[in-house]
Amino acid sequence: MRTTTTIRMSLISLKRNPTRTMLTMLGIIIGIAAVITMMEIGNGSKTSIRTSIEKMGANSVMVMPGSMRPPGGARVGAGNAVSLIPADADAIGNECPSVGAYSPVVRGSGIHVVFGNVDWEPGNIYGIAPAYLDIRAWEIADGRAFTNAEVDANARVCLVGSTIVKEVFGGMSPLGCELRIGEVTFEVIGVLKSKGANMMGMDEDDCVFTPWTTLRMRVTGLRYGNATNTSSTIADSPGSKFAISGLALYPEPDSRITRDHLFYAKHTQLNQIIFSAVSVDKIKDATREVSQLLRKRHRLKTDQEDDFRVFNSSDFMNMLNQTSTLMTNLLLGVALLSLLVGGVGIMNIMLVSVTERTREIGLRMAVGARSRDILKQFLIESVVLCLAGGIIGILAGHGMSLLIEKIARWPIESSPGAVIAAVLVSATVGILFGFYPAWKASKLDPIEALRYE
């Protein structure tokens, strides 16, 4: 028999019982729909995570002070030690070949900004260098960024996010306006382009950026301490005097230092040092070089632990991607089980069909049909069932993804690979689960088949 004739006869046989055909395909439809939905949701989650990391700077690395251990006191969490100073940041930029741009970072917490009769506490107030904007992929929407010369001069200038423009300035352009940060007045010289919420749901646009020297020297005040264990505030007001010169790089508390003195800027503690690798594949090299350099600069012995912490955004992205992949694979496993159930259903229906059509099979074989023709016909019927169910399942799965995106606001992303895989899986299921019934039909004895009641 010709293949086209066999296909036509298979389709006629399937049309003979449309209700049974649809119920047989239902298992495949549900399985494929579940697979497509899970794949699109999983891909959407990964893309959302990658986008959030890219907003933070795809190849950025952050160095933070380690934990503080006051003499005779309890250990305080990471980020509280006075172990990072501006000279460390400069050394990272100058002595680490895998490092590209770098910026000291000073953080202001619990500080209010005031404009007119509006008093607002931003989510983030950071003192930075201009390179920070490139490292974290911030763009200027209006105005300009401050310069390194303004950082060196402790200039009272600042950049604001779109949320600050909306909440503090009432939506009007803030350029040239005076914004009071704490007790110090700053001139707004630029507005940052909106980034929206990060992966933690925090508003990234609720931010104010100033030169790091200005924020530390004029707003937050300084602390003193050595590289590993002490830290205390010695000045909080911008009118304090500077300390006498001749202090060590990491000085111990000294009787010459009183609450009325500040260190020079070179002795200022930093909350962070952020830098970018020259390329994404150099992140590990840059992290290793920075760690070795800081241990050497801080004079840490071999048996001493680091007095700083290094956080790599690519490691964070890999961790989140692994978690997302694990959850997607788990749900995918459940979906594949439904495919297995659908395949068993097809095998069951095909065995019933062989039993019902035993006399038909015997008659066809009696007039010249060969075993392979019978095998081919039943295999084609099984594959057609699965492919039709797969196509309907793909459409249903994509529709379900769109519905979830609209109702639950979950990100989705179509996956052509998943569609191709779904078609191949459907055909494979049809062949695997349809082969035994087809083989059984092809092995029937024509005389016994014609006698079958």
Side-chain angles (χ1 to χ4, degrees), residues 60-107 127-129 131-132 135 212-213 215-217 220-235 242-254 256-257 261-277 282-313 315:
S60 63
V61 182
M62 184 170 59
V63 185
M64 295 184 66
S67 58
M68 181 182 67
R69 195 198 301 267
R75 187 166 188 159
V76 183
N80 289 279
V82 180
S83 57
L84 295 178
I85 62 174
D88 290 331
D90 292 334
I92 288 173
N94 296 330
E95 300 180 32
C96 297
S98 298
V99 172
Y102 70 96
S103 169
V105 179
V106 173
R107 187 173 60 249
I128 60 170
Y132 180 92
I135 296 170
W212 69 266
T213 52
L215 188 64
R216 179 59 81 206
M217 304 299 290
T220 63
L222 302 180
R223 295 181 295 169
Y224 71 88
N226 64 18
T228 57
N229 60 9
T230 63
S231 175
S232 61
T233 301
I234 66 172
F242 291 104
I244 58 177
S245 60
L247 296 170
L249 182 64
Y250 292 94
E252 296 288 344
D254 191 281
R256 298 175 298 169
I257 304 171
H261 290 79
L262 294 177
F263 287 133
Y264 287 108
K266 66 179 180 179
H267 298 298
T268 302
Q269 88 284 358
L270 302 175
N271 293 113
Q272 298 173 15
I273 297 173
I274 189 169
F275 65 88
S276 61
K282 289 287 186 179
I283 290 179
K284 290 185 177 179
D285 293 338
T287 302
R288 185 185 66 255
E289 291 168 5
V290 168
S291 297
Q292 292 173 350
L293 175 66
L294 290 180
R295 285 191 63 87
K296 179 181 178 182
R297 286 183 54 81
H298 297 182
R299 304 185 183 95
L300 297 176
K301 298 178 181 178
T302 306
D303 58 347
Q304 286 183 294
E305 63 180 19
D306 294 340
D307 60 353
F308 56 88
R309 298 288 184 269
V310 181
F311 298 94
N312 189 330
S313 61
D315 290 341

Non-hydrogen atoms of [X] and [Y] that approach each other most closely:
X	Y	answer
R299	Q304	O-OE1, 3.9 Å
D88	I273	CB-CD1, 3.9 Å
F308	H298	CD2-ND1, 4.3 Å
I274	Y132	CG2-CD1, 3.5 Å
Q272	R107	NE2-NH1, 3.6 Å
V99	A286	CG2-CB, 4.1 Å

Could you check R288, E289, K284 and say which one makes a side-chain contact (heavy atoms from CB on, under 4.5 Å) with S98?
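Considering R288, E289, K284, a side-chain contact (heavy atoms from CB on, under 4.5 Å) with S98 is found only for E289.
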Assess the residue pair D306 and L294 against the criterion (side-chain contact (heavy atoms from CB on, under 4.5 Å)); give the C-alpha distance rounded to whole Å, side-chain angles, the decisive distance to 0.1 Å, and a yes or no.
CA-CA 9 Å; D306 294 340; L294 290 180; over 6 Å; no
Roughly how far, to the nearest 0.5 Å, is the [atom2] atom of [Y] from the [atom1] atom of [X]?
X	Y	atom1	atom2	answer
R297	Q292	CZ	CD	15.0 Å
S291	R309	OG	CZ	10.5 Å
W212	N271	CH2	CG	11.5 Å
T287	F275	OG1	CZ	5.0 Å

May I ask you to decide if [Y]'s main-chain N or O and [X]'s side chain share a donor-acceptor pair within less than 3.5 Å?
X	Y	result
S103	A129	yes
R216	L270	no
T220	L215	yes

Using side chain to side chain contact (heavy atoms under 4.5 Å, CB included) as the criterion, list what pairs up with D90, not counting sequence neighbours.
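Only N94, Y102 meet the side chain to side chain contact (heavy atoms under 4.5 Å, CB included) criterion with D90.
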Given V63 and L84, is the side-chain contact (heavy atoms from CB on, under 4.5 Å) satisfied, shown in steps?
CA-CA 9 Å; V63 185; L84 295 178; 4.1 Å; yes
